[in-house]
Trainee: 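The structure's right below; bear with me while I get my questions together.
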Amino acid sequence: MRAGFLARLFAASALLALAPAGLGATSYSIATFADDSVVNGNCTLREAIRAANGNLAVDTCAAGGATDTITLPTGTYPFSGEEMLFGSGALTIQSQTLNPFDVSIDLSNVGRFLTLQGPGSEIVLGGLEVKSGLVPGVTASGGAILASDVSLTLFNFHFLSNVAEVSGGALFYEASQPGRKLLLRNGAFQSNSVPGSPSGPSGGGAAYITIDGGAQADIRDVAFISNSATSAAFSIQGGALVLSTSGANTAGSCVRCNFQSNSAVSTAPSGFNTVSGGAVYAAAYNGSRLQLIDGRYTGNSATGPAGATKSTTLSGGSSSLATLLLERLFIDFNAGSTDSATFDVGLENFGGGIGFYESQLTFGPASGLRVYSDSVVSLGHLTIADYPSTGGNFTVAGAGVVHLQNSILALNGANLVPGSNLLQTANFVGGDPLFLDEPNGDYHLDGLSPAINAGANGAFTIRLADLDHRSRFVDGLTDIGCYEFDGLFADNFEVGDAGSWSSHVP
């Protein structure tokens, strides 16, 4: 794994190098792997952090300034016990090569790396691996980093085998003020875990992120691999990630994120202790906006007591005028509970709005997509196939409505449980849509497919491009399902987004 997918993930990492330090700045080049804080004629990583945070000289580390940078040569840095930063300045800790496989901060299972808190703090970590953090206890969160109301940027990172008992196996981030931002760029969370508290619900095996009050969280080009959240007594949310937004002007996103082999497991005896999202739990509240775009979800799982597992892969919700957008998600070959009431994707909408477009949901253990809504949910150009139980189940309450347009629901045990107020436009439900190579997992359309040119051009759910980023209008007519037959790549599709995109590895 380290030499394969993750190595490719950081191949272009040098492009993210930081700008040179300016006035009032102190630079520290660490020349020792020792972890000490006694006066013995050296400047360790720990001492440099304290000097930068307190703006006072520590051993041979000079006093910090308004903007400080700590640079680490290649090697492993033992770090036994966390450092707490409560200052208001800017601090960057980075490796010389900006490659996380060159510099590892080893926490040796005796605590986390950093606790960050303070008005105006701006912390940047780049080109680092942080591993083997451990914070036990019934209120413990953030096995490697615990951050509250600071601006935090992580790039070219690798969090490995960190543990927090309650939430955020590697990272716990919360912010409730405008101007606070969490930026995650080009990194990986691997084999982090939340074993579960005996006193309450838990989740976010890799990361637990909750923002409100106008704060922002933006995750791009990040892999979540083999993370887990478990509990023997309470509910579980998000085997890898919990991402929650609340309040006007608050926004969260996960773009080109890869979720592979994550799990959420509850062994609690009661069916009331639910399991939601073997990979992700995403919730938008109170006028906020949350989006998951260009994601890949494979090999994730969720299991729990009978009737308690709600979603094996992705659980999403919106309420009180908030918006949840899901677009171009590849969801295939996930596992877990085989209960017919367990869906790969479960969406709940209470007075908000949900849009789910251009996505593939295939070959799961039980059922495909469940939607419950008392307001508006819009579904367009979905391909839902090869579920032994139900492809789509739509439950509408009160004045709610679900729009299902230009979508394929085929080759499932039962293709569609419509409920009331399901408005359908140009869908292919039942029969054989003639996929290119369905037995081997290729759900593109064969040239003889009856879904070609059978869509409704006027459907309001139509996007500019399909799941492969290919144009939706090749010959003037749109196809049904998440792939456009013989579509052409839509160049400059995401204007202003410098990130690359691949249909195989986001």
Side-chain angles (χ1 to χ4, degrees), residues 203 228-231 235-240 259-282 292 295-317 326 329-348 354 356 359-373 377 379 382-395 402 404 407-419 422 427 429-430 433 435 438-439 441 443 481-482:
S228 64
T230 62
S231 177
S235 298
I236 292 291
Q237 296 177 335
F259 294 88
Q260 178 181 330
S261 302
N262 304 286
S263 63
V265 179
S266 173
T267 58
S270 170
F272 292 103
N273 296 313
T274 58
V275 183
S276 302
V280 180
Y281 180 87
L292 308 179
R296 188 174 179 89
Y297 301 72
T298 59
N300 304 286
S301 66
T303 56
T309 305
K310 299 174 67 175
S311 53
T312 55
T313 304
L314 168 62
S315 182
L326 310 173
L329 304 186
F330 178 89
I331 300 170
D332 180 63
F333 203 64
N334 296 285
S337 173
T338 58
D339 188 326
S340 62
T342 300
F343 291 79
D344 256 1
V345 177
L347 303 177
E348 296 185 341
I354 295 179
F356 191 13
S359 296
Q360 174 182 326
L361 291 78
T362 49
F363 204 70
S367 298
L369 170 65
R370 178 183 183 271
V371 174
Y372 177 91
S373 178
V377 172
L379 311 172
L382 303 180
T383 295
I384 305 176
D386 281 330
Y387 287 94
S389 294
T390 303
N393 184 305
F394 306 101
T395 302
V402 174
L404 179 65
S407 295
I408 295 175
L409 291 88
L411 310 180
N412 304 290
N415 289 305
L416 181 61
V417 179
L422 174 66
N427 300 303
V429 180
F435 294 122
E438 178 260 345
Y443 293 88
C482 65

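Treat the numbers as computed from the prediction; the structure is a model and nothing was measured. Residue numbers count from 1 along this sequence.
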Trainee: Can you confirm whether Leu404 sits close enough to Phe394 that some side-chain heavy atom of one is under 4.5 Å from a side-chain heavy atom of the other?
Mentor: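 In short, these two side chains touch, coming nearer than 4.5 Å.
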
Trainee: For Asp344 and Tyr297, does a side-chain donor sit closer than 3.5 Å to a side-chain acceptor?
Mentor: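 Asp344 vs Tyr297: no donor-acceptor pair found between side chains.
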
Trainee: Rounded at 0.5 Å granularity, tell me how far OG in Ser407 sits from CG in Asn427.
Mentor: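 Here the interatomic distance stands at 5.0 Å.
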
Trainee: For a side-chain contact (heavy atoms from CB on, under 4.5 Å) check, start with the C-alpha distance between Leu347 and Leu326, then their side-chain angles and the critical distance, and finish with the verdict.
Mentor: CA-CA 11 Å; Leu347 303 177; Leu326 310 173; 3.7 Å; yes

Trainee: Is it true that Thr362 and Asp386 share a donor-acceptor pair across their side chains at a distance under 3.5 Å?
Mentor: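 Asp386 vs Thr362: no donor-acceptor pair found between side chains.
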
Trainee: I'd like to check Leu379 versus Leu369 (side-chain heavy atoms, cut-off strictly below 4.5 Å). Are they in contact?
Mentor: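 When only atoms from C-beta onward are counted, Leu369 and Leu379 do touch, with a gap below 4.5 Å.
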
Trainee: Would you confirm whether Asp339, through its side chain, and Ser337, through its main-chain N or O, come within 3.5 Å as a donor-acceptor pair?
Mentor: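 Absent.
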
Trainee: Just by modelled atom types, is the Ser263 backbone N or O under 3.5 Å from a matching donor or acceptor in the Asn300 side chain?
Mentor: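 No, the answer is negative, given that no donor and acceptor are paired below the 3.5 Å cut-off.
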
Trainee: Compare every heavy atom of Thr390 with every heavy atom of Tyr387, then report the nearest pair and how far apart it is.
Mentor: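 Tyr387 and Thr390 have their closest heavy atoms at CB-O, 3.9 Å.
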
Trainee: Could you tell me whether a side-chain N or O of Asn415 sits under 3.5 Å from a main-chain N or O of Gly391, the two making a donor and an acceptor?
Mentor: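 Not a single qualifying donor-acceptor pair exists.
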
Trainee: Identify the heavy atoms of Thr342 and Ala366 that sit nearest to each other, and give their distance.
Mentor: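 Where Thr342 meets Ala366 most closely, the heavy atoms are O-CB, 3.3 Å.
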
Trainee: Between Phe435 and Tyr443, what is the ring plane arrangement, given parallel below 30°, perpendicular above 60°, and tilted in between?
Mentor: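 Perpendicular, since the angle between the ring planes exceeds 60°.
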
Trainee: State, to 0.1 Å, how close Ala229 and Gly238 come at their nearest heavy-atom pair, and which atoms those are.
Mentor: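 Heavy atoms of Ala229 and Gly238 come nearest at CB-O, 3.9 Å.
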
Trainee: With heavy-atom distances below 4.5 Å as the criterion, would you say the side chains of Ser315 and Tyr281 are in contact?
Mentor: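 Sidechains of Tyr281 and Ser315: in contact.
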
Trainee: Are any of the side-chain heavy atoms of Leu314 and Phe259 separated by less than 4.5 Å?
Mentor: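 No. Closest side-chain heavy atoms not under 4.5 Å.
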
Trainee: Do Gln360 and Asp332 touch side chain to side chain, with heavy atoms closer than 4.5 Å?
Mentor: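 Of all side-chain heavy-atom pairs linking Asp332 with Gln360, at least one is under 4.5 Å.
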
Trainee: Give the intermediate values and the outcome of side-chain contact (heavy atoms from CB on, under 4.5 Å) for residues Val275 and Thr303.
Mentor: CA-CA 7 Å; Val275 183; Thr303 56; over 6 Å; no

Trainee: Heavy atoms, side chains only, cut-off 4.5 Å: are Phe356 and Val377 in contact?
Mentor: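 Of all side-chain heavy-atom pairs linking Val377 with Phe356, none is under 4.5 Å.
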
Trainee: Hey, are Asn334 and Thr312 close enough side-chain-wise for a donor-acceptor pair under 3.5 Å?
Mentor: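 The answer is no; no qualifying pair exists.
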
Trainee: Would you mind reporting whether Val371 and Asn393 have side-chain heavy atoms less than 4.5 Å apart?
Mentor: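 Asn393 does not reach Val371 side chain to side chain.
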
Trainee: Closest approach of Pro388 and Gly364, non-hydrogen atoms and distance?
Mentor: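 In terms of heavy atoms, the two residues are closest at CD-O, 3.4 Å.
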
Trainee: Please check if the side chain of Ser276 supplies one atom and the backbone of Gln237 the other of a donor-acceptor pair under 3.5 Å.
Mentor: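 Checked: no pair found.
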
Trainee: Any luck finding a side-chain donor-acceptor pair between Ser340 and Ser389 under 3.5 Å?
Mentor: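 There is no such pair between these side chains.
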
Trainee: Give a yes or no answer on whether the side chain of Ser367 reaches the backbone of Phe343 with a donor-acceptor pair at less than 3.5 Å.
Mentor: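 It does not hold such a pair.
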
Trainee: Minimum heavy-atom separation for Thr309 and Gly304, please, with both atom names.
Mentor: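 Shortest heavy-atom contact: OG1-N, 3.0 Å.
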
Trainee: Answer whether the closest heavy-atom distance between the side chains of Arg370 and Glu348 falls below 4.5 Å.
Mentor: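 Yes, side chains in contact.
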
Trainee: Mind checking the CZ-CG spacing from Phe363 to Asn412? Nearest 0.5 Å is all I need.
Mentor: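 It comes to 12.0 Å.
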
Trainee: Answer yes or no: is there a donor N or O on one side and an acceptor on the other, between the side chain of Ser359 and the main chain of Leu329, under 3.5 Å?
Mentor: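 Yes; at least one donor-acceptor contact below 3.5 Å.
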
Trainee: At their closest point, which heavy atom of Ile408 faces which heavy atom of Pro433, and how far apart are they?
Mentor: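 Shortest heavy-atom contact: CG2-CG, 4.1 Å.
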
Trainee: Looking at Ser311 and Thr313, would you say the former's side chain and the latter's main chain have a donor-acceptor pair under 3.5 Å?
Mentor: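 No, Ser311 side chain to Thr313 backbone: no donor-acceptor pair under 3.5 Å.
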
